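From a predicted model like this one, the values you see are computed outputs, not experimental measurements. Side-chain atoms are counted along with the backbone in the values below, which use heavy atoms only and exclude waters and symmetry mates.
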Amino acid sequence: MHGIARASLALVALALGGQQAPFKNVQVGPLEGNGTGFEPSVAVSRKNPRNILTATMQTAVSTANRGESWRSVPMKSSLGEAGDPALLSDADGNFYFFHLSNGSQPNGWLDRIVCQKSKDGGLTWSDGASIGFNHPADQDKAWPAAHPTKPFLCVSWTQFDKYGSRAPTDHSNILFSASGDAGETWSPAVRINDLSGDCLDGDDTTEGAVPAIDAAGNVYVAWSLSGTLYFDRSADGGKTWLKKDVVVGPQVGGWDMTIPGIGRANGMPVLMVDNSKGPHAGTLYILWADQRAGENDTDVFLTRSTDRGDTWSKPLRVNKDGPGKHQFFPWLAVDDATGYLYAVYYDRRAYDDLRTDVVVAHSTDGGATFKETVVSEKPFTPGTGAFFGDYNNISAHRGTIVPIWTRMDGRRTTVWTTILSHEDLVSGAPARR
């Protein structure tokens with residue numbers, strides 16, 4: 001199960017004013033690595049880019065006071081808390097904290113998605129709204145999106161009829177829900193995929209659903225199943241969808257891949273849309289990783305669509321290293337003020353062992369070319385046997401770019417971030433060859 005833990009979640013907010021130098025890494029989350037430092041999420045406020053929130057698997061909530069101090073805030077919901085944190089900011093600067101729930105029903109583990117809202121930059125939070133409750137089915141790996149100007153939100157995720165079941169009658173499907181009142185209430189969940197998957201949480205499971213909303217209100221979702229990337233679209237806020245899912249292309253080797261030193265790794269697709277007023281406005285992007293070059297050579301790829309997802313470009317390999325190295329766990333952000341793309345991923349090109357860097361690649365030409373920059377201060381070396389999580393994250397707005405990632409030093413996991421400007425990446429040291 002993706003990021004499941006019987007623990008609360010944590011949120012940390014930073015301010016750009018606290019950053020003293022480019023590429024200075026800041027540890028967030030559990031300082032002692034108590035086994036919950038993984039699956040981080042980050043959101044830059046779309047109203048005030050100095051307000052930056054991060055979330056991870058832990059038990060406390062903190063926020064910066066104008067970049068000068070930190071304040072802890074408890075993070076609880078009567079609907080329950082579990083894993084897979086995901087943060088989002090809307091155009092008004094409200095923050096939303098999505099997570100799974102352990103539920104209050106008998107055997108109610110993972111019985112819904114919870115959306116908690118903050119109107120004051122992360123200082124206080126609502127108790128939360130329930131999404132997708134369908135006991136006894138299990139809900140997993142939710143991810144949200146917001147309209148660029150309106151109080152319309154959506155979220156997509158995987159529903160397991162019964163997680164881990166081998167029964168041919170149990171399936172996994174991609175579900176979708178929307179809110180037209182800034183997260184206060186949510187529509188009944190609807191299935192959007194044509195082909196169901198199994199419930200074994202592997203390549204033949206429908207997983208990795210990520211939505212996007214464009215300026216015209218079109219809703220898009222992409223996901224992976226059985227070595228293929230799929231896409232669907234709605235022009236009416238998620239009420240109706242395409243008659244047939246669009247096949248974006250192959251994900252060679254599937255989303256569940258083997259990376260040395262990592263107990264489990266995935267290359268699930270990340271879907272984003274350019275909501276800027278720039279030359280590539282309206283372009284859709286999907287970023288993912290796969291092993292088409294072999295199990296010893298994982299790469300990050302990007303494909304683009306300029307016709308709302310009807311057709312997709314030939315995949316572009318984002319990482320520009322030679323063969324035989326791993327780049328993995330990618331995530332994508334598009335700055336809706338500039339249209340620039342920012343991808344974060346792990347990178348082992350500089351080493352012949354398991355040492356791992358963190359790289360941010362950026363593109364100013366609509367994903368035609370990328371420049372790579374190492375943003376981690378030092379590499380880490382993972383140790384087998386500890387859960388590493390299933391994703392990292394990156395957020396960007398008005399030239400503030402914030403990647404967030406998990407380190408694993410031996411079996412100890414911790415979460416780190418760095419607050420960058422676009423100029424930092426333009427002038428920074430390129431990724432080592």
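- Trp255 contributes a side-chain N or O that, together with a main-chain N or O of Gly202, makes up a donor-acceptor pair within less than 3.5 Å.
- Donor-acceptor pairing under 3.5 Å is recorded for the side chains of His397 and Asp336.
- Partners of Glu377 under the salt bridge (Lys or Arg N to Asp or Glu O under 4.0 Å) rule, at least two apart in sequence or in another chain, do not exist in this structure.
- In this structure a side-chain-to-backbone donor-acceptor pair under 3.5 Å is present from Asp203 to Asp256.
- Trp223 and Tyr230 have parallel rings, their planes meeting at less than 30° on a 0 to 90° scale where 60° marks the start of perpendicular.
- The line from OG of Ser130 to CD1 of Ile113 is 9.0 Å long, rounded to the nearest 0.5 Å.
- Between Arg46 and Asp90, no side-chain nitrogen of the basic residue sits less than 4.0 Å from a carboxylate oxygen of the acidic one, so the salt-bridge criterion is not met.
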Could you please spell out the steps behind the side chain to side chain contact (heavy atoms under 4.5 Å, CB included) verdict for Ile262 and Phe328?
-> CA-CA 11 Å; Ile262 306 297; Phe328 56 104; 4.1 Å; yes
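- Using modelled atom types, one finds no donor on one side chain facing an acceptor on the other under 3.5 Å when comparing Asp140 with Thr158.
- Classified by interplanar angle (parallel below 30°, tilted 30° to 60°, perpendicular above 60°), the ring pair His99/Phe97 is tilted.
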Step by step, work out the side-chain hydrogen bond (donor to acceptor under 3.5 Å, both in side chains) result for Ser421 and Asp424.
-> CA-CA 5 Å; Ser421 70; Asp424 291 336; 3.2 Å; yes
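- With Lys325 as the partner, the salt bridge (charged side-chain N to carboxylate O under 4.0 Å, His left out) test is satisfied by one option alone out of Asp297, Asp347, Asp352: Asp352.
- Between the side chains of Asn392 and Tyr345, no donor N or O sits under 3.5 Å from an acceptor N or O.
- Judged by distance alone, the side chains of Arg191 and Ser196 do bring a donor and an acceptor atom under 3.5 Å apart.
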Please test Asp214 against Tyr220 for side-chain hydrogen bond (donor to acceptor under 3.5 Å, both in side chains), starting from the C-alpha separation and ending with a verdict.
-> CA-CA 8 Å; Asp214 68 16; Tyr220 311 98; 2.6 Å; yes
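- By the 4.5 Å heavy-atom criterion applied to side chains, Val247 and Thr228 are counted as neighbours.
- Asp120 places no side-chain N or O within donor-acceptor distance of the main-chain N or O of Trp125, the cut-off being under 3.5 Å.
- The two residues Leu354 and Pro382 make their nearest non-hydrogen contact at O-CD, 3.4 Å.
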I would like to know whether Asp170 and Lys162 meet salt bridge (charged side-chain N to carboxylate O under 4.0 Å, His left out); could you show each step before the answer?
-> CA-CA 6 Å; Asp170 287 330; Lys162 185 178 181 181; 5.9 Å; no
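- Residues Asp274 and Thr283 bring no donor and acceptor atom of their side chains to less than 3.5 Å of each other.
- Under the 3.5 Å distance criterion, the side-chain polar atoms of Ser101 are left unmatched by any main-chain donor or acceptor of Arg112.
- Annotation: Tyr342 is not in aromatic contact with Phe370 [ring centroid separation under 6.0 Å not met].
- Between the side chains of Trp157 and Gln139, a donor-acceptor pair is found at a separation under 3.5 Å.
- Checking side-chain atoms of Lys117 against main-chain N and O of Ala182 turns up a donor-acceptor pair under 3.5 Å.
- Checking Thr414 against Trp416 by side-chain atom types alone, a donor-acceptor pair falls below 3.5 Å.
- Using cut-offs of 30° and 60° on the angle between ring planes, the pair Trp143 and Trp331 is tilted.
- Between the side chains of Thr206 and Ser172, at least one donor N or O sits under 3.5 Å from an acceptor N or O.
- Cation-pi contact between Lys141 and Tyr391: present, with separation from the ring centre below 6.0 Å and deviation from the ring axis of at most 45°.
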Stepwise side chain to side chain contact (heavy atoms under 4.5 Å, CB included) test for Leu302 and Leu332 = CA-CA 10 Å; Leu302 180 88; Leu332 180 68; 4.2 Å; yes
Report the C-alpha distance between Thr406 and Tyr346 in whole Å, list the side-chain angles of each, state the deciding distance to 0.1 Å, and finish with yes or no for side chain to side chain contact (heavy atoms under 4.5 Å, CB included).
-> CA-CA 10 Å; Thr406 298; Tyr346 294 122; 3.7 Å; yes
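- The minimum heavy-atom distance linking Leu284 with Gly309 is given by the pair CD1-N, 3.6 Å.
- For the 3.5 Å distance criterion, the side chains of Tyr351 and Asp357 qualify, holding a donor opposite an acceptor.
- Counted by atom type alone, Ser45 and Asn51 present zero donor-acceptor pairs between their side chains at under 3.5 Å.
- Between the side chains of Ser78 and Asp127, a donor-acceptor pair is found at a separation under 3.5 Å.
- Side chain of Asn266 to backbone of Asp390: a donor-acceptor contact under 3.5 angstrom is found.
- Side-chain contact check for Ile394 versus Ile401: some heavy-atom pair is nearer than 4.5 Å.
- Arg264 places no side-chain N or O within 3.5 Å of a backbone atom of Ile259 that could act as its donor or acceptor partner.
- Counting all heavy atoms, side chain and backbone alike, Ser89 lies closest to Ala43 at N-CB, 4.2 Å.
- A donor-acceptor pair shorter than 3.5 Å can be found between the side chains of Asn193 and Asn173.
- A pairwise comparison of heavy atoms in Leu425 and Leu420 identifies CD2-CD1, 3.8 Å as the closest pair.
- Considering only heavy atoms from C-beta on, Phe98 comes within 4.5 Å of Val155 through its side chain.
- The backbone N or O of Thr369 lies less than 3.5 Å from a partner atom in the side chain of Ser363, making a donor-acceptor pair.
- Put simply, CG on Leu200 and OH on Tyr163 are 8.5 Å apart, with the number rounded to the nearest 0.5 Å.
- You'll find the ring centres of Phe38 and Phe387 inside the 6.0 Å limit.
- Neither side chain, Asp201 nor Thr205, offers a donor N or O lying under 3.5 Å from an acceptor on the other.
- With hydrogens and angles ignored, the 3.5 Å screen pairs no side-chain donor or acceptor of Asp321 with any backbone N or O of Arg349.
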Check step by step if side chain to side chain contact (heavy atoms under 4.5 Å, CB included) holds for Leu287 and Tyr285.
-> CA-CA 7 Å; Leu287 185 82; Tyr285 303 95; over 6 Å; no
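- Here the options are Arg292, His326, Gln327, the test is side chain to side chain donor-acceptor pair (under 3.5 Å), and the partner is Thr298; only His326 passes.
- Within 6.0 Å of the CD atom in Glu184, the count of heavy atoms belonging to other residues, nucleotides or ligands exceeds 12.
- Of the N and O atoms on the side chains of Arg348 and Thr356, at least one donor lies less than 3.5 Å from an acceptor on the other residue.
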Working for side-chain hydrogen bond (donor to acceptor under 3.5 Å, both in side chains), residues Glu81 and Asn102 = CA-CA 6 Å; Glu81 307 91 22; Asn102 56 18; 5.2 Å; no
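- Between the side chains of Ser224 and Gln251, at least one donor N or O lies within less than 3.5 Å of an accepting N or O.
- Listed here is the closest heavy atom pair of Val375 and Pro403: CG2-CG, 4.5 Å.
- Side-chain contact of Ser395 with Asn393: a donor-acceptor pair under 3.5 Å is absent, judged by distance alone.
- Under a 3.5 Å cut-off, the side chain of Thr400 and the backbone N or O of Ala396 do not form any donor-acceptor pair.
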